[in-house]
Protein chains: 2
Amino acid sequence: MEYEDEDWLCVTMEEFSLATENGCSRQGMGKKRNYDDDTREFKSKNLETERRRREKLSSRLLMLRAIVPIITNMNKATIIDDAITYIEKLQDKVQSLSQELHQMEATSDETADTKIDDIDSAEDMKNLGIQEEVSVAQIDGNKLWIKIIIEKRRGRFSKLMEALDNFGIELIDTNLTTTKGAFLITSCIQDKDGERLEIQQTKHLLQDIINDK
Amino acid sequence: MEYEDEDWLCVTMEEFSLATENGCSRQGMGKKRNYDDDTREFKSKNLETERRRREKLSSRLLMLRAIVPIITNMNKATIIDDAITYIEKLQDKVQSLSQELHQMEATSDETADTKIDDIDSAEDMKNLGIQEEVSVAQIDGNKLWIKIIIEKRRGRFSKLMEALDNFGIELIDTNLTTTKGAFLITSCIQDKDGERLEIQQTKHLLQDIINDK
DNA sequence: GTTTACACGTGAGCC
DNA sequence: TGGCTCACGTGTAAA
């Protein structure tokens with residue numbers, strides 16, 4: 001790594017880059033190197049490969065910068081920095097959102113301790129000979145009378161009311177009676193938009209609501 | 001890749017880096033260059049700065065790789081690639097979650113067209129001289145009888161039922177009657193956990209539920 | 001032996 | 001001017 005003549009460094013790097021970039025006139029053919037036959041310039045084997053790699057990486061950085069909304073600086077490092085903070089922000093948001101959603105779903109759901117109530121209710125119903133039942137009858141053109149007997153489970157009634165509301169069913173007159181093991185629900189209902197409610201359809205809807213939710 | 005006279009290129013770059021790295025003894029002092037006075041090596045002005053910049057960027061890339069869960073390759077480019085896809089995935093997730101949450105909130109909320117109903121209901125109530133009312137009375141140790149008269153608004157009853165359920169209040173016997181402009185709700189309630197329900201507290205709770213939600 | 005990815009030191013350009 | 005970032009071509013080591 002040493003050699004005596006002076007100033008070797010001052011020329012080499014500058015001249016080298018100039019030579020390769022501008023196609024300098026000196027074209028001596030070295031033995032150990034590859035040279036382009038047309039321009040007679042020296043070319044490293046992986047020059048274009050490296051060039052592609054660089055521009056690939058740069059383009060990815062630009063893409064990354066494109067989808068990250070918060071911009072502090074256009075530096076390469078800060079681009080990644082912003083991306084990191086953005087990802088962390090997104091992760092937090094996803095976590096809080098899913099947590100909120102889960103909470104919201106859990107609020108009207110049965111919890112573990114209520115399953116004991118469910119079992120008790122089922123046993124009570126069984127012991128008392130109460131059968132689950134869904135009846136639907138027509139009152140007039142757009143009004144139905146429904147009667148539902150189901151196991152008494154925590155939140156089941158409010159969930160049923162909510163489901164009926166979501167399906168556009170309006171409660172004209174509703175009665176809920178609770179025995180130890182069962183709900184007895186009777187109600188006069190009609191469609192909120194004035195459309196006709198079919199008996200069989202409504203009965204199946206009610207059964208679906210009860211069984212599903 | 002050829003040059004006639006000297007092999008200047010073959011030596012320069014290689015020797016250069018080796019010289020600078022290993023501290024070669026050759027110390028020809030150039031005029032235009034900065035040299036370390038001790039080792040007599042050539043040093044570019046921004047050598048260490050650039051070195052710091054590089055290691056900074058590399059560390060950021062490592063941090064980025066650290067928080068991105070999906071790993072396809074350890075390449076610098078693919079790290080950014082994975083980060084991009086991960087960010088897109090996170091964005092999609094956030095969007096779908098917030099949409100779902102918004103939908104869930106909207107299902108039991110009043111929509112724009114129902115406000116007309118609300119106004120009509122309010123006018124009907126006003127015309128009929130119906131006053132909103134919340135009454136609470138004690139039945140026995142842990143049972144209360146409540147009576148609520150409120151404007152008839154879409155989803156208000158089911159929301160009330162849900163709120164009571166969330167507050168651990170069990171509906172023993174409930175009756176809902178709908179006139180054109182108002183809900184009349186009467187119910188016998190008790191605490192689900194057997195705790196005592198205070199009259200004033202319950203009344204305020206009901207008023208809060210009605211006014212808030 | 002070939003390919004691939006990376007770190008290196010440098011010059012240019014831009015505040 | 002100096003500080004700082006970037007692209008460049010290269011050597012090198014691992015696959």
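Below, chains carry the letters A, B, ... as their sequence lines are ordered, and counting in each starts from 1.
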| message | Without decimals, in angstroms, what is the distance between B:Asn73 CG and D:dA14 P? | response | 18 Å
| field | A:Val136, A:Thr174, A:Thr202 screened by side chain to side chain contact (heavy atoms under 4.5 Å, CB included) with A:Ile189, the one that passes | value | A:Thr202
| said: How many whole angstroms separate atom NZ of B:Lys56 from atom P of D:dC4? | reply: 9 Å
| message | Tell me whether the side-chain N or O atoms of A:Glu50 pair up with the base of D:dA7 as donor and acceptor below 3.5 Å, since no angle test is needed here. | response | no
| request: Rounded off to whole Å, could you give me the CZ-to-P distance for the B:Arg51 and D:dC6 pair? | output: 18 Å
| Tell me: CD of A:Glu55 to P of D:dC6, nearest whole Å? | 17 Å
| query | Atom CZ of A:Arg54 to atom C1' of C:dT10: distance rounded to whole Å? | reply | 13 Å
| message | Please report the distance, rounded to the nearest Å, between CD1 in B:Ile80 and P in C:dC6. | response | 10 Å
| Between C:dA5 atom C1' and A:Leu47 atom CG, what is the distance in whole Å? | 15 Å
| Nearest 0.5 Å, what's the NZ-CD distance between A:Lys56 and A:Glu50? | 12.0 Å
| note | For B:Glu198 and B:Leu144, the nearest pair of non-hydrogen atoms, with its separation, is O-CD1, 4.1 Å
| Salt bridge check: are A:Lys152 and B:Glu170 linked by an N-O gap of less than 4.0 Å? | yes
| request: Would you indicate which nucleotide in D:dT5, C:dA7, C:dC6 comes nearest to any side-chain atom of B:Arg53? | output: D:dT5
| Length of the CG-P vector between A:Leu61 and D:dT5, whole Å | 14 Å
| said: Check the phosphate of C:dA7 against B:Lys76, side-chain N and O only, distance under 4.0 Å to OP1 or OP2. Yes or no? | reply: yes
